[in-house]
Number of protein chains: 2
Amino acid sequence: MRSSELPQVKALGLFETMSDQSFERLMQAAYLQTFPAHLTLIHEGVTADFLYVLVEGAVELYAAANGREETMAVVRPVETFILAAVLKDAVYLMAARTIARSRILLVPAADVRLAFEEDAAFARAIVSELATRYRGVVKEHKNIKLRSSVERLANRLIRYEAEQGGHGVLELPYEKRILASLLGMTPENLSRALRTLKPYGVLVSGSTIRLTDRKALETLAKPSAFIDVDAS
Amino acid sequence: MRSSELPQVKALGLFETMSDQSFERLMQAAYLQTFPAHLTLIHEGVTADFLYVLVEGAVELYAAANGREETMAVVRPVETFILAAVLKDAVYLMAARTIARSRILLVPAADVRLAFEEDAAFARAIVSELATRYRGVVKEHKNIKLRSSVERLANRLIRYEAEQGGHGVLELPYEKRILASLLGMTPENLSRALRTLKPYGVLVSGSTIRLTDRKALETLAKPSAFIDVDAS
DNA sequence: AATCCCGCTTGATTTACATCAACTCTCACC
DNA sequence: GGTGAGAGTTGATGTAAATCAAGCGGGATT
């Protein structure tokens, strides 16, 4: 694999500390591929053959049961996904599909496990990454169990606004129906929840949202470092 | 630390492959302590100073926000808890309290991180453990997002019955109010949910439950290897 | 420009679950 | 052996959110 995206991949927390040699070898086994939007990349229950690195685009991780389907997470570039299944040589617990046209690096699972054995720095990075992801899911789980849907939405808006520069404006990074599912609600309810937030200074115009009263919104949302913050 | 429980601890997936020397050193830094029931061991938001190994008893992991409090998991012997926080040298995301009188091994976090650096087998075991835990939370998250409370209860009963030998009888391993919170419902609703399961052969007598119609119960519960099974 | 499609919104209704309140039962404790 | 506290149950009621059903509006297709 040769490409201009390589430096971005190497810059990822997971890869940046590993030796250049190991990284080189790992990348030689990898494929960079472009997928159209709305293509299913991974099916639930299939053995994990690749570690995926999303270089460009957007990918939705989802799960289905009982005829229902819910979005579990949305992956944005540059980020890896389904690391745990690869390490355990197990079956994917979530399915994945592209939201938009995406450039994705596919690293064979066996090579990842080999590099883990041979490069101590990579092993350390993997542990750090896994622990962070673990904590991320725990936070998401707390989010669902402890907050109402309006509170979840409010906190999500606050987070997006901060990620996008903190200028009081935010752009929803994907369709509202996906956001709704991610927040554990129906599209209809997301629509209503946004209107509920209007008195708290949330002005919606399509996928652009302005927050004009942070104080009020935060009073409602009660953001918490133990639920909302991404890092560590 | 010297005690008759040491072999049980060494037998844990996390420790069994590590060198005797590293294990010895780790245990020398550790304390074995007995705590009474209903004692809070860990507060949310405090820096992780110890890796905990529950040797005997039962521990509830819970989280609070918005004046609400929910059980996130129940730890049973012999098992470790809050490994991710220890590895990241971060703050606990969940609080912990004993459900019953418990014997707990406290391993200083710094020693765990040191052993991780020095013992490659231990590093491997940690990755495996973390990945398994990660997948466990993902499953729990799917459980909450994709199933109704009655379905969650039905699957939980099926799981307990299997764990306890598959003889059609199971003992609830802790109080119903904790089970209710773990399943994301109120105690009142757990009570009612158990009654709605009566036509499916669920006979309740205190904390003892008999399952007399597995077929019917499974038809309702639709257990899934990607949500319910513990291993990998 | 007309048409279709699909995401989104809005309103009406239903449903699952929480809350509130009262009562029973068990068990620890004096 | 009586008393009180807390777990569990049951019933009545309230509420958040899902479902059902139209309709709107913007973008792609022809």
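All values below were derived from every heavy atom in this structure, side-chain atoms included, with hydrogens, water molecules and symmetry-related copies excluded. A note on names: the letters A, B, ... follow the listed sequences, proteins ahead of strands, and every chain is numbered from 1.
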Regarding Glu140(A) and Arg156(A), does a basic nitrogen lie under 4.0 Å from an acidic carboxylate oxygen? yes
Is it the case that the ring center of Tyr52(A) lies less than 6.0 angstrom away from the ring center of Phe81(A)? yes
Residues Asp213(B), Lys198(B): salt bridge by 4.0 Å N-O rule: no
Quickly work out the Arg68(B) CZ to dC17(C) P distance and round it to whole Å. 14 Å
DNA chain D: 5'-proximal contact among Glu175(B) and Arg192(B) (nearest heavy atom): Glu175(B)
Between Thr186(A) and dA18(D), is there a side-chain N or O to OP1/OP2 distance below 4.0 Å? yes
If only side-chain N and O atoms count, and only distance matters, is there a donor-acceptor pair under 3.5 Å linking Lys88(B) with Ser128(A)? yes
Is any side-chain N or O of Ser149(B) closer than 4.0 Å to OP1 or OP2 of dC17(C)? yes
dG8(D) P sits how many Å from Ile209(B) CD1, rounded? 11 Å
Quick note, Asn189(B) side chain, CB onward, closest among dA18(D), dT9(D), dA18(C) is dA18(C)
Could you give the CZ-to-C1' distance, from Arg177(B) to dT19(C), as a whole number of Å? 18 Å
Looking at every strand, decide which applies to Gly184(A) at a 4.0 Å heavy-atom threshold: base, sugar-phosphate, or nothing. sugar-phosphate
dA7(D) C1' sits how many Å from Tyr174(B) OH, rounded? 17 Å
Over how many whole Å does the gap from Ile144(A) atom CD1 to dA16(D) atom P extend? 17 Å
In whole Å, what is the span from the CG atom of Leu190(B) to the P atom of dT10(D)? 12 Å
Protein-nucleotide distance (Leu172(A), atom CG; dG7(C), atom P), rounded to Å: 16 Å
Verdict with supporting geometry, Arg214(A) and Glu161(A), salt bridge (charged side-chain N to carboxylate O under 4.0 Å, His left out): CA-CA 10 Å; Arg214(A) 190 86 49 92; Glu161(A) 192 263 356; 2.8 Å; yes
Check whether any side-chain nitrogen or oxygen of Arg195(A) sits under 4.0 Å from OP1 or OP2 of dT10(C), and answer yes or no. yes
What about Glu188(B): does its side chain form a donor-acceptor pair under 3.5 Å with the base of dC17(C)? no
Euclidean distance, atom NZ of residue Lys176(A) to atom P of dG25(D) [Å, nearest integer]: 14 Å
